[in-house]
Novice: 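Questions regarding the structure given below will be posed in turn.
Convention: sequence-line order gives letters A, B, ...; per-chain numbering from 1. Owing to the predicted nature of the structure, the values given are computational and were not obtained by experimental measurement.
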There are 2 protein chains.
Amino acid sequence: MTAPTELHHPPISDVAITDVLFALSDPARLALARQLVDGPMDMAACSATGGPVPKATKSHQLKVLREAGVVRNVPKGRGRLLSLRRDELDAVFPGLLDSVLGTR
Amino acid sequence: MTAPTELHHPPISDVAITDVLFALSDPARLALARQLVDGPMDMAACSATGGPVPKATKSHQLKVLREAGVVRNVPKGRGRLLSLRRDELDAVFPGLLDSVLGTR
DNA sequence: CCAATGGTTCAACTATTGTCGAACCATGAC
DNA sequence: GTCATGGTTCGACAATAGTTGAACCATTGG
């Protein structure tokens, strides 16, 4: 098995719109995604709810977003850098992120 | 209790975007919603998967869509008429239905 | 009225998701 | 190397969601 420092990201062509919708259908996950609209962010810097969330929980929430093709999660220093897969998603599901992440 | 012939539809202001996303995050429910984009449809006429679905299952799937504010379900003759709550949803979540229901 | 059609609801069950402690892994600082 | 920091993974459990038969309800047609 490969070093788990590089996590798996599905090719965007393997991502179904239902996967994306499901990933964003949870308030905590949606909140995480919205923190990335203005650009990449250190994982340590973004918070799911504002309150304290166990790191296992946060890691799991981001895993769902990652496996749904919504976010990218790459090593950076001793932490990780998160980013939206904006361009790719816009190409396949035009307007989706705009409407979902833009609406309050 | 009131006659269950009139089902409950949440005011659109009570509908969270996460409710809508969740309702549409299931392939069968998404397929149902997509059959309504061109206008209202008799419930008996729309099929969830193409294959045979027990009526209890179909009723349940539509209940999720209804309670998420996505579809309206009113009595019509001895059956029911389904429709998207297009205008209301467009007002609150602009572009959402366009991008979700429009994309293949 | 009665029967057929179309649908909802209930209840019981299965299956999927979510949560989080504990153990483990990688990197950077020293 | 060692320690601290930041994160993933595993495993067990809790909670939520999905499926479906059976019972029931409403409407239309005869």
Novice: Just list the side-chain donor-acceptor pairs under 3.5 Å for residues 13-27 of chain B, sequence neighbours left out, or say none.
Specialist:
residue: B/Asp19; atom: OD2; partner: B/Ala16; partner atom: N; Å: 3.1
residue: B/Ser25; atom: OG; partner: B/Phe22; partner atom: O; Å: 2.7
residue: B/Asp26; atom: OD2; partner: B/Ala28; partner atom: N; Å: 3.1
residue: B/Asp26; atom: OD2; partner: B/Arg29; partner atom: N; Å: 3.2

Novice: Separation of A/Lys58 atom NZ from D/dT5 atom P, in whole Å?
Specialist: 16 Å

Novice: May I have the distance from A/Glu67 (atom CD) to D/dT9 (atom P), rounded to whole angstrom?
Specialist: 9 Å

Novice: Measure CG/A/Asp42 against P/D/dT5 and give the value in whole Å, please.
Specialist: 17 Å

Novice: Which part of the nucleic acid does A/Ala44 contact within heavy-atom distance under 4.0 Å: base, sugar-phosphate only, or nothing?
Specialist: sugar-phosphate

Novice: Within this structure, what is the CG-to-C1' distance between B/Leu62 and C/dG7, rounded to whole angstrom?
Specialist: 10 Å

Novice: So, the side chain of B/Gln35 versus the backbone of B/Ser47: is there a donor-acceptor pair under 3.5 Å, distance only?
Specialist: yes

Novice: For A/His9 and A/Arg85: C-alpha separation, side-chain torsions, deciding distance, then whether side-chain contact (heavy atoms from CB on, under 4.5 Å) applies.
Specialist: CA-CA 10 Å; A/His9 294 78; A/Arg85 294 176 68 174; 3.9 Å; yes

Novice: Of the options D/dG29, C/dG7, D/dT9, whose atoms approach the side-chain atoms of B/Arg78 most closely?
Specialist: D/dG29

Novice: Could you tell me how far apart A/Leu7 (CG) and C/dC25 (P) are, to the nearest whole angstrom?
Specialist: 16 Å

Novice: Could you tell me the separation between the CG atom of B/Leu81 and the P atom of C/dG7, rounded to a whole number of Å?
Specialist: 11 Å

Novice: If you fit an axis to the five pairs at each end of the helix from C/dC1-D/dG30 to C/dC30-D/dG1, how big is the angle between those two axes, to 10 degrees?
Specialist: 30°

Novice: Mapping B/Lys55 and A/Lys55 onto DNA chain C by nearest heavy atom, which one lands closer to the 5' end?
Specialist: B/Lys55

Novice: Using a 4.0 Å cut-off on protein heavy atoms (strictly under), produce a 5'-to-3' string for nucleotides 13-19 of chain D with B for base contact, S for backbone-only sugar-phosphate contact, and - for none.
Specialist: ----SSB

Novice: For the side chain of A/Arg34 and the backbone of A/Val100, is there at least one donor-acceptor N/O pair under 3.5 Å apart?
Specialist: yes

Novice: From CD of B/Glu6 over to C1' of D/dA26, roughly how many Å is that when rounded to an integer?
Specialist: 12 Å

Novice: Starting from the C-alpha separation in whole Å, work towards a yes-or-no answer on side-chain hydrogen bond (donor to acceptor under 3.5 Å, both in side chains) for A/Arg66 and A/Asn73.
Specialist: CA-CA 7 Å; A/Arg66 175 172 49 82; A/Asn73 180 342; over 6 Å; no

Novice: Using the side-chain heavy atoms of B/Met43, tell me which of these nucleotides is nearest: D/dG7, C/dG21, C/dT8.
Specialist: C/dT8

Novice: Considering only Ile, Leu, Val, Met, Phe, Trp and Tyr, and joining two whenever side-chain heavy atoms are under 4.5 Å apart, list the other residues clustered with B/Val74.
Specialist: B/Leu81

Novice: Is there a side-chain polar atom (N or O) of A/Asn73 under 4.0 Å from OP1 or OP2 of D/dT8?
Specialist: yes

Novice: Using the salt bridge (charged side-chain N to carboxylate O under 4.0 Å, His left out) criterion, which residues pair with B/Arg86? Sequence neighbours excluded.
Specialist: B/Asp90, B/Asp98

Novice: Can B/Asp42 and B/Lys76 be said to form a salt bridge (charged side-chain N to carboxylate O under 4.0 Å, His left out), step by step?
Specialist: CA-CA 8 Å; B/Asp42 287 340; B/Lys76 180 200 175 190; 3.0 Å; yes

Novice: Kindly list each side-chain donor-acceptor pair under 3.5 angstrom involving residues 51-62 of chain A, sequence neighbours excluded, with atom names and distances?
Specialist:
residue: A/Lys58; atom: NZ; partner: A/Met43; partner atom: O; Å: 2.9
residue: A/Lys58; atom: NZ; partner: A/Cys46; partner atom: O; Å: 2.6

Novice: Using atom CG of A/Leu82 as one end and atom P of D/dT8 as the other, report the distance to the nearest whole Å.
Specialist: 8 Å

Novice: Less than 4.0 angstrom between a side-chain N/O of B/Arg80 and OP1 or OP2 of C/dT8, yes or no?
Specialist: yes

